[in-house]
2 protein chains.
Amino acid sequence: MPSTFRAEVFPARTPAASQIFTTVLSHGPLTRADAARRAGLSAAAVTKAVRPLIEAGYLVEDADVETRPVLGRPANLVRVDGGRALFIGIKITGGEIFGVLTDLCCRVRVARDVPLTARAPKAVLASVAELVRELLTEADGFGVPVLGCGIAVAGEVDRAEGVVRYSPFLDWRDVPLAELAAMTTGLPVTVDNDVRALTVAEQWFGAGVGLSDFAVVTVGAGIGCGLVVHGRVVAGVHGVAGEIGHVVVDPAGPPCHCGRRGCLQAFAGDAEIVARVREVTGTSVTDSAEAVAVAHAGHPGAREVYARAGEAIGRGIATVANLLGPERVIISGEGLAAYDLFAEQIREAFTAGAFGSATRCELLTRPLPFEEWARGAAATAIRSFIRADQ
Amino acid sequence: MPSTFRAEVFPARTPAASQIFTTVLSHGPLTRADAARRAGLSAAAVTKAVRPLIEAGYLVEDADVETRPVLGRPANLVRVDGGRALFIGIKITGGEIFGVLTDLCCRVRVARDVPLTARAPKAVLASVAELVRELLTEADGFGVPVLGCGIAVAGEVDRAEGVVRYSPFLDWRDVPLAELAAMTTGLPVTVDNDVRALTVAEQWFGAGVGLSDFAVVTVGAGIGCGLVVHGRVVAGVHGVAGEIGHVVVDPAGPPCHCGRRGCLQAFAGDAEIVARVREVTGTSVTDSAEAVAVAHAGHPGAREVYARAGEAIGRGIATVANLLGPERVIISGEGLAAYDLFAEQIREAFTAGAFGSATRCELLTRPLPFEEWARGAAATAIRSFIRADQ
DNA sequence: TTCTTTCATTGACAGGGGAAAATAAGCGAC
DNA sequence: GTCGCTTATTTTCCCCTGTCAATGAAAGAA
């Protein structure tokens with residue numbers, strides 16, 4: 001084995017080729033003619049861009065399957081060959097590390113997780129390395145290379161530098177995670193904020209496909225928000241954006257652990273909801289599931305807690321819609337488990353708070369499994385690999 | 001005179017040329033080498049792009065003025081020849097129409113305004129046509145052509161179509177203003193939302209020069225917000241964006257004419273402030289100037305009204321900063337006349353509400369004269385002319 | 001069978017922008 | 001004063017990308 005080696009590199013270096021690849025990636029099997037129309041390019045350009053991608057194995061032609069237009073010659077479908085390569089996605093949370101092995105189409109092939117107890121960078125890194133090792137072992141069975149690893153972390157992340165600027169969960173500051181993880185795993189590593197990673201996955205493979213402006217709002221332990229404006233995920237100049245959780249929804253609201261009062265988080269954060277349900281019911285519920293159960297059982301106080309949470313979320317979404325005029329807002333996160341308890345309030349508060357045409361923004365709920373976050377991390381790795389710098 | 005004529009067309013059709021022109025436009029006289037560095041292009045590309053622009057007269061070389069680098073050959077400065085062409089900018093408000101005649105550098109050469117009484121599209125259009133005619137007469141004296149007219153209107157505007165979708169002030173719906181005004185004035189007309197127009201002016205000539213992410217917040221009759229994300233002005237998919245005025249700041253706040261309670265507008269809108277000052281002081285102030293005077297005279301109730309307005313504005317800015325992570329927020333509008341009455345509260349509320357690195361966003365006040373809005377409209381006309389589709 | 005329609009490919013070609021070399025123009029060392 | 005160093009600008013190729021127009025393919029319709 002050579003002491004230095006050249007990492008596999010994606011052949012589509014031109015704008016057109018990269019654009020066509022992502023178009024095919026997002027819009028499934030496409031005829032070349034369709035791809036040209038969608039990407040606004042000539043058919044000739046598609047033919048030329050597709051050829052090296054097929055030669056390199058990233059795209060394949062389904063010779064057997066044909067689509068017949070109403071009239072004219074049948075078309076050949078081109079699609080991304082998911083089996084061509086693998087990627088690893090890692091999502092670090094306070095208590096666990098989730099990992100997935102995905103193919104080039106970002107379909108999850110293997111999912112694994114390990115508990116996380118310590119929070120020092122060194123300890124976390126060791127757990128990540130362990131998890132990656134496991135996933136790499138699994139990958140051996142597929143006989144194709146793992147081309148990258150994406151890591152998603154809550155907090156402020158400088159994606160370009162691969163540095164975690166600040167993670168409240170882990171209590172990290174300026175940890176050069178990409179570099180460290182690349183050294184221990186031997187893979188090209190990208191690091192990004194967790195909600196933004198999830199947003200990339202939605203943009204390419206989920207409910208954001210084809211939209212230039214949309215938002216993802218996640219409800220769970222924290223309230224997060226990923227924004228896509230002009231087709232690009234917003235990261236902010238300092239690596240912070242989409243901080244909807246600490247937007248003050250009601251200055252007279254409950255105190256938040258951040259020191260303010262009435263943050264969205266204080267109304268709709270997981271722990272906060274549980275605490276308030278415990279308070280108003282006098283029970284001793286300790287987690288979300290129990291709190292939801294109490295509300296489902298019909299306790300009016302508990303229901304009210306959820307109603308107020310929904311109201312706050314809807315108001316937050318209205319703010320996003322008013323400011324950015326997105327086409328759609330995708331609501332997701334573990335908090336959706338209680339969705340029936342506040343769905344109506346979200347919609348009402350949104351409609352009441354959205355101004356003018358912002359009301360035309362579509363609200364959509366997507367109950368995404370938790371591994372979806374790790375999948376988002378893999379999506380960022382794929383993005384780096386195919387150099388879709390957006 | 002021919003029955004049809006060809007409108008003057010800007011020669012820089014390539015991305016590089018357009019980029020270099022806007023770079024020179026924004027960053028004043030520049031050496032070719034500097035322009036290349038700023039635009040991330042080769043020096044050769046600049047030379048090639050600049051030549052036709054100089055030939056067409058849009059750029060000029062200041063042969064006399066030279067900059068000497070510490071070492072090496074002196075450089076020649078290139079700048080936009082403002083006197084090469086004129087543009088008209090029109091800002092329509094409820095009671096007046098403001099118009100400016102600017103040069104290619106968007107410097108105001110003539111400012112005019114006419115009162116506006118009727119609000120029907122036809123009547124407004126007649127006033128606009130009258131104002132444009134006056135400005136065109138003024139333009140004759142300069143001996144250079146007027147190449148376009150930009151019109152700025154508050155409300156929802158479809159810039160691409162040139163249609164005012166909804167203007168609450170004028171009570172317009174789906175008025176194809178660009179087409180109508182183009183017919184009556186004989187000029188190429190662009191129509192845009194007023195705050196977005198102002199934002200373009202700031203982006204190219206004001207405090208937004210060189211920034212990829214910033215916001216403009218205007219305080220006055222209404223509270224507006226223009227957003228620049230990834231170097232582009234955000235317009236939203238339905239032509240609505242930056243609607244910060246009706247973001248609910250405090251659900252227990254005063255009622256707003258929009259039907260909600262505690263909108264930013266209800267705290268900090270001009271009319272609302274005047275009404276509340278009247279209320280708390282028992283005086284009969286009727287306009288901003290009087291209200292400010294009362295507060296300046298030291299009336300504690302009046303001061304409190306301004307303090308609360310500042311708090312609300314600061315909270316709104318914090319929300320923008322949390323969501324988008326801009327580098328700077330430019331505060332402007334007639335409301336700045338009372339700035340000393342709420343400057344502190346704005347900053348305090350912003351600092352209290354901004355999360356993490358969002359606090360690093362810089363707040364800047366820019367007392368812009370009212371004609372600045374019309375200048376913004378002219379800037380949109382220039383943008384159309386030079387085809388900087390952003 | 002022939003025409004029409006749509007898909008795909010090819011080859012010629014234009015133009016944009018880069019690299020490298022050439023030219024220009026100062027400054028300081030000698 | 002000349003030489004060499006440095007930076008600015010221009011020139012001269014030249015690659016490369018993407019479009020155009022022409023061609024071929026493969027249906028269904030007349």
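Residue numbering restarts at 1 for every chain, and letters A, B, ... go by the order of the sequence lines.
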| query | Looking at residues 51-60 of chain A, who's got a heavy atom less than 4.0 Å off DNA chain D? | reply | none
| Nucleic acid contacts of residues 32-47 of chain B, taken as heavy-atom distances under 4.0 Å to DNA chain D | Arg32(B), Ala33(B), Arg37(B), Ala43(B), Ala44(B), Thr47(B)
| query | Has the side chain of Lys48(A) got a donor or acceptor atom sitting under 3.5 Å from an opposite partner on the base of dT10(C)? | reply |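 Such a pair does not exist between side chain and base.
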Residues that [X] engages under side-chain hydrogen bond (donor to acceptor under 3.5 Å, both in side chains), provided they are two or more places apart:
X	value
Asp81(A)	none
Thr199(A)	none
Arg165(B)	Asp158(B), Asp174(B)
Thr190(A)	Thr380(A)

| How would you list all residue pairs meeting salt bridge (charged side-chain N to carboxylate O under 4.0 Å, His left out) that involve residues 18-35 of chain A, not counting sequence neighbours? |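 Qualifying pairs: Arg32(A)-Glu61(A), Asp34(A)-Arg37(A).
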| request: Round to a whole Å and report the spacing from CZ of Arg73(A) to C1' of dC3(C). | output: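 Value for this atom pair: 18 Å.
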| task | Could you state the atom-to-atom distance from CD1 of Ile20(B) to P of dG18(C) in whole Å? | result | 9 Å
| message | Of the options dT6(D), dT5(C), dC7(C), whose atoms approach the side-chain atoms of Ala75(A) most closely? | response | dC7(C)
| message | If the cut-off is 4.0 Å, is Asn76(A) near the phosphate of dC7(C), judged by side-chain N/O to OP1 or OP2? | response |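 Answer no for this pair, as no side-chain N or O of Asn76(A) is under 4.0 Å from OP1 or OP2.
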| query | Glu362(A): what forms a salt bridge (Lys or Arg N to Asp or Glu O under 4.0 Å) with it, not counting sequence neighbours? | reply |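 Scan of Glu362(A) (salt bridge (Lys or Arg N to Asp or Glu O under 4.0 Å), adjacent residues dropped) gives Arg328(A).
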| request: Tell me, please, which residues at least two apart from Arg360(A) pass salt bridge (Lys or Arg N to Asp or Glu O under 4.0 Å). | output: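 Checked Arg360(A) against salt bridge (Lys or Arg N to Asp or Glu O under 4.0 Å); zero matches.
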| query | Is Arg84(A) salt-bridged to Asp103(A), cutoff N-O under 4.0 Å? | reply |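 Between Asp103(A) and Arg84(A) there is no salt bridge, as every charged N stays at least 4.0 Å from the carboxylate O atoms.
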